[in-house]
Amino acid sequence: MTPGFPDWLHADQALARILELCPELPEQTLHLVQDARCLDRTRAVTADVLALVDHPPWDNSAMDGFAVHAADVGDASEASPVVLPIAQDIPAGSFPTGPLARGTAARVMTGAPVPAGSTGVIRVEHTDGGSGDLVTITQTSDAERNIRSRGEDLSPGDCIVTAGAPVTPAVVGCLAMQGIDRVTVRRRPRIAVLANGDELADFDGIEEVRAGRKIMNSNSHALAAQLRAAGAEPVDLGIAADTSESVREALERATDCDGVISTAGVSVGDHDQVKRALDESGFQRAFWRVRIRPGSPMTFGTLEGRPFWGLPGNPVSAMVTFELFIRPAIRKMAGHSRLNRTRIRARAAHDIRSPDDLTHYYRVRLSRLDDGSIEAALTGAQGSGILTSMVQAQGLAVVPVGVTTIPAGEYVEVILLDDSLV
């Protein structure tokens, strides 16, 4: 154990220690076109990106219609229309021949520059569409509207995206709009995933599972999916047998990875070989347990300078501890400024009873009530082996240590598993 750090940490202490030992990864510059598949909201920019030019580059029309001086159309109406000569015709891609002369109108298309002096663009629906060199205007609500000013979206020096923010589709669009074809981000973390146990089989051993002699390895595949969703690249190390030699051999295949996740084999049982293999490999332990359920027997430290997470073997425990302690670390390594999931307050749909010894995380479904508040209902049985409870879960209800009941109708803190729900 690292001096100065207790062996059984509270969740916030454990996460702080993990983040301290998970440095940001090196930068890489990606091309908006050539590397388009690599650019998504799981990538974060490393520095503020500033606009280079005005957008729009000129005052332009938001409508197909006629640019006018408001004073020239007065109170035009169906009963008392105003007729103006069409002095200019400006399709998209063209430019005005000069300022708009008083007492005239200019036909403009959406996006086309408007002549200097124009106060608004009368949409074509409020005219007769223009007949010959004249236009009849029958409504003037647009006389001072529908002109988009130069630089109203971006001007040189404006910040398009701040350091640590994700590269969303809108960010890509704004970069392209500015002619910026490259963006610098953090490298995507490569995280190895190792399952442990003689009782496990993968897809190539499915007949053993169907015969009742093995258990299917679900943890590696669920964790790989969580890693991809968090923006990391999973590397499958397979299943290690219940010997320290097998575990060490598997860990040696992760030398080119940025971190390792191992499931099962991290408790103190005689047959838990991961701990022994780690000790033999020079593992620097930060802590061995966390005061939570599910997921208390979780270890973290560094192995050859890289973060190593030893997760429990129960599938719910593995997925919950990933959300609490690995996803934030992955986002830090990838350069994100926002590391944690959104937390909300929701009303308990029924009593939520909990032992008071640890902080408990219960899987819940969420629904919006008529008054606009959000209600949280347990997904059913909460055993750490009931993986279907995670299939149904939209959030994790947090019941702190010392609390035995959240009464129905009272508020409970919920960690969202899908930030798009708010």
Side-chain angles (χ1 to χ4, degrees), residues 31-33 36 39-41 43-76 82 84 86-127 129-130 135 137-185 337-338 420:
H31 194 282
L32 260 62
V33 177
L39 287 170
D40 57 41
R41 63 181 64 250
R43 309 301 292 264
V45 299
T46 60
D48 294 355
V49 181
L50 306 182
L52 304 177
V53 297
D54 284 319
H55 186 83
W58 49 68
D59 294 350
N60 73 93
S61 178
M63 294 280 179
D64 289 348
F66 295 85
V68 297
H69 289 279
D72 292 336
V73 296
D75 297 322
V82 168
L84 295 175
I86 302 172
Q88 300 185 49
D89 196 338
I90 314 168
S94 298
F95 289 88
T97 57
L100 182 66
R102 289 296 307 272
T104 69
R107 190 196 310 271
V108 291
M109 298 296 104
T110 303
V114 296
S118 306
T119 63
V121 174
I122 307 294
R123 70 190 68 193
V124 71
E125 295 92 332
H126 294 167
T127 73
V135 59
I137 297 169
T138 57
Q139 188 173 324
T140 60
S141 58
D142 292 337
E144 295 182 281
R145 296 167 54 185
N146 300 330
I147 293 179
R148 297 181 291 214
S149 301
R150 174 180 177 175
E152 74 173 19
D153 190 359
L154 287 170
S155 293
D158 288 350
C159 187
I160 299 173
V161 58
T162 58
V167 182
T168 65
V171 168
V172 172
C174 282
L175 295 175
M177 184 176 71
Q178 289 290 306
I180 300 172
D181 63 353
R182 288 171 173 79
V183 60
T184 301
V185 296
S337 55
R338 180 185 173 191
S420 68

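Counting begins at 1 with the first residue of the sequence. The structure displayed is predicted, hence computed values, not measured ones.
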Over all heavy atoms of both residues, which pair between [X] and [Y] is shortest? Give the atoms and the distance, please.
{"X": "Ile90", "Y": "Ala112", "value": "O-CB, 3.5 Å"}
{"X": "Leu100", "Y": "Ala67", "value": "CD2-O, 3.7 Å"}
{"X": "Asp64", "Y": "Thr110", "value": "OD1-N, 2.8 Å"}
{"X": "Ala101", "Y": "His69", "value": "O-CD2, 3.8 Å"}
{"X": "Thr97", "Y": "Gln88", "value": "N-OE1, 2.8 Å"}
{"X": "Pro166", "Y": "Val171", "value": "O-CG2, 3.9 Å"}

Q.
The test is side-chain contact (heavy atoms from CB on, under 4.5 Å); show your working for Gln178 and Val49 and say whether it passes.
A. CA-CA 11 Å; Gln178 289 290 306; Val49 181; over 6 Å; no

Which distance, rounded to the nearest 0.5 Å, do you find between the [atom1] of [X] and the [atom2] of [Y]?
{"X": "Glu125", "Y": "Thr138", "atom1": "CD", "atom2": "OG1", "result": "10.5 Å"}
{"X": "Thr127", "Y": "Phe66", "atom1": "OG1", "atom2": "CZ", "result": "4.5 Å"}
{"X": "Leu52", "Y": "Leu154", "atom1": "CG", "atom2": "CG", "result": "10.0 Å"}
{"X": "Leu50", "Y": "Ile160", "atom1": "CG", "atom2": "CD1", "result": "7.5 Å"}

Q | Residue pairs involving residues 94-122 (criterion ring pair (Phe, Tyr, Trp, His ring centres under 6.0 Å); sequence neighbours excluded) | A |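 The answer is Trp58-Phe95.
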
Q) Please walk me through it: do Asp142 and His126 pass side-chain contact (heavy atoms from CB on, under 4.5 Å)? A) CA-CA 9 Å; Asp142 292 337; His126 294 167; 3.7 Å; yes

Flag, side chain of [X] to backbone of [Y], donor-acceptor distance under 3.5 Å:
{"X": "Ser118", "Y": "Gly120", "answer": "no"}
{"X": "Thr119", "Y": "Val68", "answer": "yes"}
{"X": "Asp59", "Y": "Arg150", "answer": "yes"}

Q: Keeping to residues at least two apart or across chains, list the salt bridge (Lys or Arg N to Asp or Glu O under 4.0 Å) pairs with something in residues 100-117.
A: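 Non-adjacent pairs meeting salt bridge (Lys or Arg N to Asp or Glu O under 4.0 Å): Asp72-Arg102, Asp89-Arg107.
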
(Q) Apply side-chain contact (heavy atoms from CB on, under 4.5 Å) to residues Leu32 and Val183 and explain how you reach the verdict. (A) CA-CA 7 Å; Leu32 260 62; Val183 60; 4.2 Å; yes

Q | side-chain contact (heavy atoms from CB on, under 4.5 Å) assessment of Arg123 paired with Gln139 | A | CA-CA 9 Å; Arg123 70 190 68 193; Gln139 188 173 324; over 6 Å; no

